[in-house]
Chemist: 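Please find one structure pasted underneath; my questions will follow.
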Amino acid sequence: MMVKAEVGAARGMRQRLVGSSTVVVLVFLATLWTAPSIVLLVASLRSQDVVQDGGWWSFSQGAGLTLDAYRQVFEGPSSAQHGITPYLFNSLAVAVPAVVLPLAIACLAAYALAWLRIKGTAALLLSLACMQLMPIQVALVPLVRLFEAGWSIGPVSVIPAMELGTSYVPLWVAHTVFALPLAILLLYGTMLRIPRDVMESCRLDGAGHLLILRRVVLPMLLPAMAAFAVLQFIWVWNDLLVALTFAGGTSEVSPVTAYLASLKASDDSLVTVISAGAVVALAVPLIAYASLRWLYLRGLIAAVLKGP
Amino acid sequence: MEVFLEGLGNVGAAVLVVAVVISLLGVLLRIAGLVPARVQRVATLGVLLGPACLLLAFGLALPAIQTAYLSTTDAGQGFVGLGNYAWALSSPLGRESLANTLLWIVVVPAASVLVGMVAAFLVDGLRRQSIPIALIVLPLAMSYVGAGIAWSLVYAVRSPASASITPAVAPSTESSISPAVSLGLDPPAAWLQERPWNTLLLMIIVIWIQSGLALVLLRAALRVIPVDVIEAARIDGAQGWLLVRSVRLPMIRDTAILALAAIMIVSLKVFDIVRTTSNGGFGTQVLANEMYSEAFDSSHAGRGSALAILMLLMAAPFIAWSVMRLRESWMPR
């Protein structure tokens, strides 16, 4: 009783120590952190003429808010081009396989590593940890050459030569490869938590691996897979390096990040249009983040700790 | 409209491909269960581990070795031994990239973890924690391209001569204006052109982004400190700052180091920010951007590969430390 009362009193004291100064500092921090995003939003809502003369911050000619920039972003800078829409779809078309395929392949591999008593599992896991932290720059040039030149054994073309910019495949493969190490490590850690008796009784019942995976393992892995999926989706959607390297800059295949980068590089006086483009591209991960925030945070922590 | 339909078609094709691949894997696994018992284990392992091993071997391991080999060649001259590395260490651009990257991996993690730590402690006593956390972590969900654009606006300078956001080519004149001037401050004429401040300003962008990661990690660590430890310290008379310094800080030390290492690796690879703001101009070049520039913009595959290997070497200590730490924490069954 004594202890409870003390704990209660201590907690009350703790809450009182959190005075108004803490709140003020936090409000300041939170405002500071949101400021650049608000700047982006404001810049996207102004009219290009006002911005041209005085910069996005000048209000001497009145607020002049307009959705012009957004219209231009969707229509494209000139009538011959399509605007941002094809790139948005490209980002989605790249992201979906880039999220699901690593998870599927990692699930199989993690299952084998966790439950099938393979010699050298330790070594494999450690090399996975190394591969996950390696800068992907060390793989870029050879991979580009591989896709451009293809690879055949004799008359059989194992990997057909494809011009970068005509197919999503290089992007899918690249994203999958780079995400696999972390995915395997995370799922392996989660898989270890499945009680051994559950697994053994399944095997004793004569269940095949496919059945075990579908009925037993998958449901238990779902939270971890969901957390990784959110993390990977936001990562792939926001990625620029793989996009620039493997998408050849065409509107057939390039994701929205590459489009924005080229838009800014080619003519960065189009302040309002570029800002509007950035806001549009931001909308998808923002919605994902806002609605699935705790899942995303969970994925982040797991990714850093390399365990569930 | 047709753009819309074409886009939907692309996404549909992507979903189809995923469905096909997963079905294929399922079918193969089923077949592996039906082969004669003698080869069953091999077949099963082949299906389970095969895709991952093939992808990683041919997609990461082999290319890494090829890059190491490529780094000793030059497009025009064939084998040049360590020539590309000599170039990296002696040329102005190579040195600048190396020096800047070193600066990045020291300053950004330290600053991010500091901010994250302060925020974590501040947030800890609050009742409604989710809003400040959500706002500080928000930049993490933003693409670096978007962040680069947003901060280019913040750092913008309007010189009457040029209309661009970041006057990369035209030097700014005395009559240039900027948000800071409108606020009454007196900043340097063009922030992103002044060295060494421009690198610092770019670093601020990444600190802005990565502080959220530090906050999330440290807040989780703070919550794990057993309440009895805190209460015992309180009963012993520790309060406020003393409590923080002698009890709470040491207990989150490990997580702080972890956060430092994670953000160090991110800083080592910083590419998008530099590329979309200054593209390495005015002394802001970093290794990742220079690697891309050499390998793909200038087709100097040898030099680009050497820079990639240098990045790997710089990452090696962190990788080694991470791997050793993992080894301690879990042993396979």
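Lettering follows sequence order; numbering is per chain, from 1.
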Chemist: Could you report the tightest heavy-atom contact between B:Ala220 and A:Ile301, atom names first, then the distance?
Modeler: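 It is CB-CD1, 4.1 Å.
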Chemist: Which bit of B:Val21 comes within less than 4.5 Å of chain A, counting heavy atoms only: side chain, backbone, both or neither?
Modeler: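 The answer is the side chain of B:Val21.
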Chemist: Flag the pair B:Leu138 / A:Leu286 as yes when at least one side-chain heavy-atom distance between them is below 4.5 Å, and no otherwise.
Modeler: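 In contact.
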Chemist: Which residue out of B:Val118, B:Ile309, B:Ile22, B:Leu55 racks up the most heavy-atom pairs below 4.5 Å with chain A?
Modeler: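 Sorted descending by pairs with chain A, the first entry is B:Leu55.
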Chemist: Do the side chains of B:Leu217 and A:Val304 get nearer than 4.5 Å, heavy atoms only?
Modeler: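 Yes. Closest side-chain heavy atoms under 4.5 Å.
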Chemist: Can you find a pair of side-chain heavy atoms, one from A:Val141 and one from B:Met291, that are under 4.5 Å apart?
Modeler: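 Yes, close enough: below the 4.5 Å cut-off.
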Chemist: B:Ile319 versus chain A, heavy atoms under 4.5 Å apart: side chain, backbone, both or neither?
Modeler: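 Both parts, backbone and side chain.
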Chemist: Got a second to check how far A:Leu128's CG is from B:Leu56's CG, nearest 0.5 Å?
Modeler: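 Taking CG in A:Leu128 and CG in B:Leu56, the distance rounds to 6.5 Å.
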Chemist: Is there a side-chain contact between B:Val3 and A:Phe89 (heavy atoms, below 4.5 Å)?
Modeler: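 Result no, sub-4.5 Å side-chain heavy-atom pair not found.
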Chemist: Tell me which of these, A:Leu26, A:Leu92, A:Thr85, has more heavy-atom pairs under 4.5 Å with chain B than the rest.
Modeler: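 Top count of heavy-atom pairs under 4.5 Å with chain B: A:Leu26.
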Chemist: With rounding to the nearest 0.5 angstrom, report the CG to SG distance, B:Leu60 to A:Cys130.
Modeler: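 Those atoms lie 11.5 Å apart.
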Chemist: In the structure I gave you, are the side-chain heavy atoms of A:Arg145 and B:Leu70 within less than 4.5 Å of one another anywhere?
Modeler: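 A:Arg145 reaches B:Leu70 side chain to side chain.
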Chemist: Let's test your reading of the structure: which of A:Ala112, A:Ala30, A:Ala281 forms the most heavy-atom pairs below 4.5 Å with chain B?
Modeler: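 Option with the top pair count is A:Ala112.
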Chemist: At what distance, to the nearest 0.5 angstrom, does OG of B:Ser211 lie from CG of A:Leu32?
Modeler: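 With rounding to 0.5 Å, OG (B:Ser211) is 10.0 Å from CG (A:Leu32).
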Chemist: What pair of heavy atoms forms the shortest contact from B:Leu326 to A:Ala129, and how long is it?
Modeler: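 Of all heavy-atom pairs spanning B:Leu326 and A:Ala129, the closest is CD1-CB, 3.7 Å.
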Chemist: Say whether A:Tyr168 and B:Asn10, considering side chains only, have a donor N or O and an acceptor N or O under 3.5 Å apart.
Modeler: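 Looking only at side-chain atoms, B:Asn10 and A:Tyr168 do form a donor-acceptor pair, the distance falling under 3.5 Å.
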Chemist: Please classify the contact of B:Pro51 with chain A as side chain, backbone, both or neither, using a heavy-atom distance under 4.5 Å.
Modeler: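 Both the backbone and the side chain of B:Pro51 come within 4.5 Å of chain A.
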Chemist: Side chain of B:Trp208, backbone of A:Trp33: donor and acceptor closer than 3.5 Å?
Modeler: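 At least one qualifying donor-acceptor pair exists.
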Chemist: Of the backbone (N, CA, C, O) and the side chain (C-beta and beyond), which part of B:Ala134 lies under 4.5 Å from a heavy atom of chain A, both, or neither?
Modeler: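 Interface part for B:Ala134: both.
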Chemist: Where does B:Ser130 contact chain A at under 4.5 Å (heavy atoms): side chain, backbone, both or neither?
Modeler: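 It is both, since atoms from each part get that close.
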Chemist: Side chain, backbone, both or neither: which part of A:Trp237 has a heavy atom under 4.5 Å from chain B?
Modeler: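 A:Trp237 has no heavy atom closer than 4.5 Å to chain B.
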Chemist: Under 4.5 Å from any heavy atom of chain A, what part of B:Val323 do you find: side chain, backbone, both or neither?
Modeler: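 Both the backbone and the side chain of B:Val323 come within 4.5 Å of chain A.
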Chemist: May I ask you to name which of A:Val27, A:Val144, A:Val177 has the most heavy-atom pairs under 4.5 Å with chain B?
Modeler: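 With the most close heavy-atom pairs to chain B, the winner is A:Val177.
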Chemist: Does B:Tyr292 have any side-chain hydrogen bond (donor to acceptor under 3.5 Å, both in side chains) partners at least two apart in sequence or in another chain, and if so, which?
Modeler: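 B:Tyr292 satisfies side-chain hydrogen bond (donor to acceptor under 3.5 Å, both in side chains) with no residue once adjacent residues are dropped.
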Chemist: With a 4.5 angstrom heavy-atom cut-off, could you sort out which part of B:Ala315 is near chain A: side chain, backbone, both or neither?
Modeler: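 Answer is side chain: those atoms of B:Ala315 sit under 4.5 Å from chain A.
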Chemist: With chain B, which of A:Ser37, A:Ser127, A:Pro97, A:Ala278 has the greatest number of heavy-atom pairs at distances under 4.5 Å?
Modeler: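 Sorted descending by pairs with chain B, the first entry is A:Pro97.
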Chemist: Side chains of B:Ser143 and A:Leu240, heavy atoms from C-beta outward: is any pair under 4.5 Å?
Modeler: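 Sidechains of A:Leu240 and B:Ser143: no contact.
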Chemist: Under a 4.5 Å cut-off applied to non-hydrogen side-chain atoms, are A:Val138 and B:Pro63 in contact?
Modeler: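 Heavy-atom side-chain distance check fails, nothing below 4.5 Å.
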Chemist: Between A:Ala261 and B:Val145, which heavy-atom pair has the shortest distance, and what is it?
Modeler: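 Looks like N-CG1, 4.2 Å.
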Chemist: Counting only non-hydrogen atoms closer than 4.5 Å, does B:Ala64 touch chain A with its backbone (N, CA, C, O), its side chain (CB onward), both, or neither?
Modeler: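 When you check distances to chain A, atoms from both the backbone and side chain of B:Ala64 fall under 4.5 Å.
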Chemist: Which bit of B:Ile265 comes within less than 4.5 Å of chain A, counting heavy atoms only: side chain, backbone, both or neither?
Modeler: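 For B:Ile265, the side chain is the part near chain A, not the backbone.
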Chemist: Grab the two heavy atoms, one from A:Ala109 and one from B:Ala52, that are nearest each other, plus how far apart they are.
Modeler: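 The answer is CB-CB, 3.9 Å.
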Chemist: Can you say whether A:Leu210 sits under 4.5 Å from chain B via the side chain, the backbone, both, or neither, judging by heavy atoms?
Modeler: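 Backbone plus side chain of A:Leu210, per the 4.5 Å heavy-atom cut-off to chain B.
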Chemist: Under 4.5 Å, counting heavy-atom pairs only, tell me which of A:Val253, A:Ile184, A:Ile118, A:Leu211 racks up the most with chain B.
Modeler: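 Heavy-atom pair counts peak at A:Ile118.
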Chemist: Under 4.5 Å between any side-chain heavy atoms of B:Leu153 and A:Ser275, yes or no?
Modeler: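 Yes. Closest side-chain heavy atoms under 4.5 Å.
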Chemist: Please look at B:Leu140 and chain A and tell me whether the side chain, the backbone, both or neither of the residue comes under 4.5 angstrom of a heavy atom of that chain.
Modeler: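 For B:Leu140, heavy atoms of backbone and side chain both lie under 4.5 Å from chain A.
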Chemist: What part of B:Val115 gets within 4.5 angstrom of chain A, counting heavy atoms only: side chain, backbone, both, or neither?
Modeler: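 Just its side chain gets close to chain A.
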Chemist: Looking only at atom types and distance, does a side-chain atom of A:Lys264 sit under 3.5 Å from a main-chain N or O of B:Thr276, one as donor and one as acceptor?
Modeler: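 Present.
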Chemist: Find the one option among A:Leu213, A:Leu244, A:Thr31 whose heavy-atom pairs under 4.5 Å with chain B are most numerous.
Modeler: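 Option with the greatest count: A:Leu244.
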Chemist: Between B:Arg41 and A:Leu116 (side chain of the first, backbone of the second, donor and acceptor by atom type, cut-off under 3.5 Å), is there such a pair?
Modeler: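 Answer holds: yes.
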Chemist: How long is the straight-line distance from CG of A:Leu297 back to CD1 of B:Ile133, given to the nearest 0.5 Å?
Modeler: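 Rounded to the nearest 0.5 Å, the CD1-CG separation comes out at 8.0 Å.
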Chemist: Under a 4.5 Å heavy-atom cut-off, does chain A meet the side chain of B:Phe58, its backbone, both or neither?
Modeler: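 Both backbone and side chain.
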Chemist: Pick from B:Val123, B:Ile136, B:Leu287: which one has the most heavy-atom pairs with chain A under 4.5 Å?
Modeler: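 Sorted descending by pairs with chain A, the first entry is B:Ile136.
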Chemist: So what's closer than 4.5 Å to chain B heavy atoms on A:Trp172: side chain, backbone, both or neither?
Modeler: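 The side chain, not the backbone.
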